[in-house]
Amino acid sequence: MTIADQVTGSTIAGTAKPVDSASVDSKPAGARPRARAPAITLPAIGERELRLDLFRGLALWLIFIDHLPPSLLTWFTIRNYGFSDATEIFIFISGYTAAFVYGRAMLESGVVIATARILRRVWQIYVAHVFLFTIFLAEISYVATSFENPLYTEEMGIMDFLKQPDVTIVQALLLRFRPVNMDVLPLYIVLMLALPLILWSMKWRPDVTLGLSVVLYAVTWEYDLYLSAYPNGFWAFNPFAWQLLFVFGAWCALGGARRMSRILASPVTMWIAIAYLVAAFYVTLTWYVPQLSQFMPKRIEQWMYPIDKTDLDVLRFTHFLALAALTVRFLPRDWPGLKSRWLRPLILCGQHSLEIFCLGVFLAFAGHFILAEVSGGAAMHALISLSGVLIMWGVAWVISWYKRVADKSGAKTKNAVGNADLAGGG
């Protein structure tokens, strides 16, 4: 049972109904006690969780639009209305779906088999990252050479590659060198590498595992833990901090959401979330309308700024939690709109997130180049943005069609447990 199912009172087909406490108390004195329930619980295998697909697809579209130069369409992304952005959505859902798929594998097949499956998935993501890195560098280098504009190489962060390609390639394979807009996949790779340990710990003590994640997050802030990057600096997304969001997603998938259901269903929680989102919106308004900042107490400003994205500032994390709490409250699992053809493009992109993310990075630079050379106005910005979204949708549709046709013969014998796509992953 997922968070929203608890709030709305619905259940997944095939899951057991909750046991009435009165019936438990009325058991005969000599009745044998039940075996201890597992520390983690998983919903029964059924149809896809379309909400995960929907919001991961939305995150991919928002990431693409945010990577383009600012335009009118940029004002429709969530980063302009609060502290968090699409990255939080992507990492949380990645942790949720990964735990759903591989947590079941660990319970049913053991630690060794589950770890092997996770490592295979990590290898797939790593290969995709290397492939994207190669294509991205070729794209930037070709444009910079053909149009005799070295600013592209500097702006996209590949100047060091052109100076020392041999050293830079090795550093790229070690995930220490990354051009602009290529920071999410290395973060995802590191978090997935830690997933076997996370799931093994959650198998016995899920709440303790989440608590240890919080401790690591606090230690990261206190002692400034980070991973260095080449040629200098640090990772744009610090894995020691962002692991908290990933682990929280895994914790929710493995029964934490069910245990939080009463808190999420409370009107107090709803109004606290709304109040926080309104306050965050007002703060973001002061970034664009400086006159409004005079109504903010100076002490609050001094305490709040800077709102760090690299180390996942607590204000960003809390903002995401508020958005998630309201989403699961008002968007149930069986919402008819999830079957709407208007949301189908988003859902398709979310079902093939790895491929669409790589495509989005490529399209973002292509759009950036066109806008820089053509120097178009708002209409050109909107055309580039919408064209990119349509291309992402078209490619997702082709991938979905190909997988459906290619897997048709083996669909009856295919095991749904190990398929990340069936859980909203990909």
Side-chain angles (χ1 to χ4, degrees), residues 59 62-63 66 70 74-92 95 183-184 187 190-191 207 209-229 232-249 251-252 256 260 263-264 266-329:
L62 295 178
I63 290 173
D66 285 337
T74 306
W75 289 100
F76 289 92
T77 61
I78 62 174
R79 71 175 183 178
N80 297 294
Y81 303 97
F83 303 139
S84 64
D85 59 26
T87 310
E88 280 85 355
I89 301 175
F90 187 86
I91 296 301
F92 172 81
D183 298 296
V184 175
L187 170 65
V190 171
L191 295 178
D207 295 339
T209 304
L210 180 60
L212 292 175
S213 176
V214 174
V215 170
L216 177 57
Y217 175 81
V219 170
T220 299
W221 275 83
E222 180 66 24
Y223 295 100
D224 196 22
L225 302 181
Y226 63 90
L227 294 180
S228 62
N232 50 55
F234 42 83
W235 283 37
F237 298 107
N238 189 350
F240 296 119
W242 281 83
Q243 55 79 27
L244 175 60
L245 194 57
F246 186 83
V247 173
F248 179 69
W251 180 81
C252 288
M260 284 196 308
I263 298 176
L264 292 170
S266 170
V268 175
T269 302
M270 180 186 68
W271 287 112
I272 291 177
I274 292 175
Y276 185 80
L277 294 177
V278 171
F281 175 62
Y282 178 80
V283 172
T284 56
L285 278 181
T286 64
W287 303 344
Y288 308 105
V289 186
Q291 294 80 0
L292 295 176
S293 60
Q294 61 180 327
F295 299 105
M296 286 188 58
K298 297 301 180 183
R299 289 188 178 181
I300 293 181
E301 287 187 338
Q302 294 173 358
W303 167 79
M304 183 169 48
Y305 295 123
I307 303 176
D308 188 17
K309 184 174 183 178
T310 295
D311 289 330
L312 185 60
D313 195 285
V314 66
L315 293 177
R316 294 180 63 96
F317 182 72
T318 309
H319 187 265
F320 169 79
L321 292 182
L323 287 173
L326 294 182
T327 299
V328 298
R329 184 182 184 92

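Residues take their numbers from the sequence shown, with the count starting at 1. No hydrogens, no waters, no symmetry mates; every other heavy atom, side chains included, goes into these values.
Residues satisfying the side-chain contact (heavy atoms from CB on, under 4.5 Å) test with A280, not counting sequence neighbours, are F83, H319. Evaluation of the side-chain hydrogen bond (donor to acceptor under 3.5 Å, both in side chains) rule for W75 yields no partner, not counting sequence neighbours. By the side-chain contact (heavy atoms from CB on, under 4.5 Å) test, L285 is found to be paired with F281, L292, residues two or more places apart in sequence or in another chain being considered. In terms of the ring pair (Phe, Tyr, Trp, His ring centres under 6.0 Å) criterion, F246 has no residue partners (sequence neighbours excluded). The ring pair (Phe, Tyr, Trp, His ring centres under 6.0 Å) check on F295 picks up nothing, with sequence neighbours excluded. For F237, the ring pair (Phe, Tyr, Trp, His ring centres under 6.0 Å) partners two or more places apart in sequence, or in a different chain, are W242. Annotation: side-chain hydrogen bond (donor to acceptor under 3.5 Å, both in side chains) contacts of Y282 (sequence neighbours excluded): none. Applying the side-chain contact (heavy atoms from CB on, under 4.5 Å) criterion to T77, with sequence neighbours excluded, gives L62, I65, D66, T74, R79, N80. When the side-chain contact (heavy atoms from CB on, under 4.5 Å) test is applied to V219, the partners found at least two apart in sequence or on another chain are V215, Y223, L225.
Residues in residues 233-248 take part in no salt bridge (charged side-chain N to carboxylate O under 4.0 Å, His left out) pair, two or more places apart or across chains. Evaluation of the salt bridge (charged side-chain N to carboxylate O under 4.0 Å, His left out) test over residues 285-305, restricted to residues two or more places apart or in two chains, returns K298-E301.
With a 4.5 Å cut-off on side-chain heavy atoms, L212 and L216 do not count as touching. D183 has its side chain out of reach of W235: every pair of non-hydrogen atoms, C-beta onward, lies at least 4.5 Å apart.
Taking CG from L321 and CZ from R316, the interatomic distance works out to 13.0 Å, rounded to the nearest 0.5 Å. Here CG of L277 is found 10.5 Å from OG1 of T318. Values are rounded to the nearest 0.5 Å. Between atom CG of residue L326 and atom CD1 of residue I272 there is a gap of 11.5 Å, rounded to the nearest 0.5 Å. We find the CG-CD1 distance between L323 and I89 to be 7.0 Å, quoted to the nearest 0.5 Å.
Using modelled atom types, one side-chain atom of Q243 and one backbone atom of S213 make a donor-acceptor pair closer than 3.5 Å. Distance alone, capped at 3.5 Å, is enough to place a donor-acceptor pair between the T269 side chain and the I263 backbone.
Counted within 6.0 Å of OH on Y226, heavy atoms from surrounding residues, nucleotides or ligands total 12 or fewer; the atom is thus considered open. Within 6.0 Å of atom OH in Y305, more than 12 heavy atoms from other residues, nucleotides or ligands are found, so the atom counts as buried in its surroundings. Counting heavy-atom neighbours within 6.0 Å of W287 CH2, excluding the residue itself, gives a total above 12.
Note: Y217 and W221 have tilted aromatic rings, judged against thresholds of 30 and 60 degrees for the angle between ring planes.
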Practice problem: Start with the C-alpha distance between W251 and T209, add both sets of side-chain angles, then the distance that settles side chain to side chain contact (heavy atoms under 4.5 Å, CB included), and finish with yes or no. | Solution: CA-CA 8 Å; W251 180 81; T209 304; over 6 Å; no
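Smallest separation of non-hydrogen atoms from L264 and A325: CD2-CB, 3.9 Å. A pairwise comparison of heavy atoms in G249 and F92 identifies CA-CE1, 3.4 Å as the closest pair. Across R329 and S266, no two heavy atoms sit closer than the pair NH1-O, 3.6 Å. Counting all heavy atoms, side chain and backbone alike, P239 lies closest to L191 at O-CD2, 4.2 Å.
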Donor-acceptor pairs are to be reported for all side-chain atoms of residues 306-315 against protein atoms at under 3.5 Å, with residues two or more places apart or in another chain.
residue : atom : partner : partner atom : Å
D308    : OD1  : T310    : N            : 3.1
D308    : OD2  : D311    : N            : 3.4
K309    : NZ   : D85     : OD2          : 2.7
T310    : OG1  : A236    : O            : 3.1
D311    : OD1  : N238    : ND2          : 2.9
D313    : OD1  : L315    : N            : 2.8
D313    : OD2  : D308    : N            : 3.4

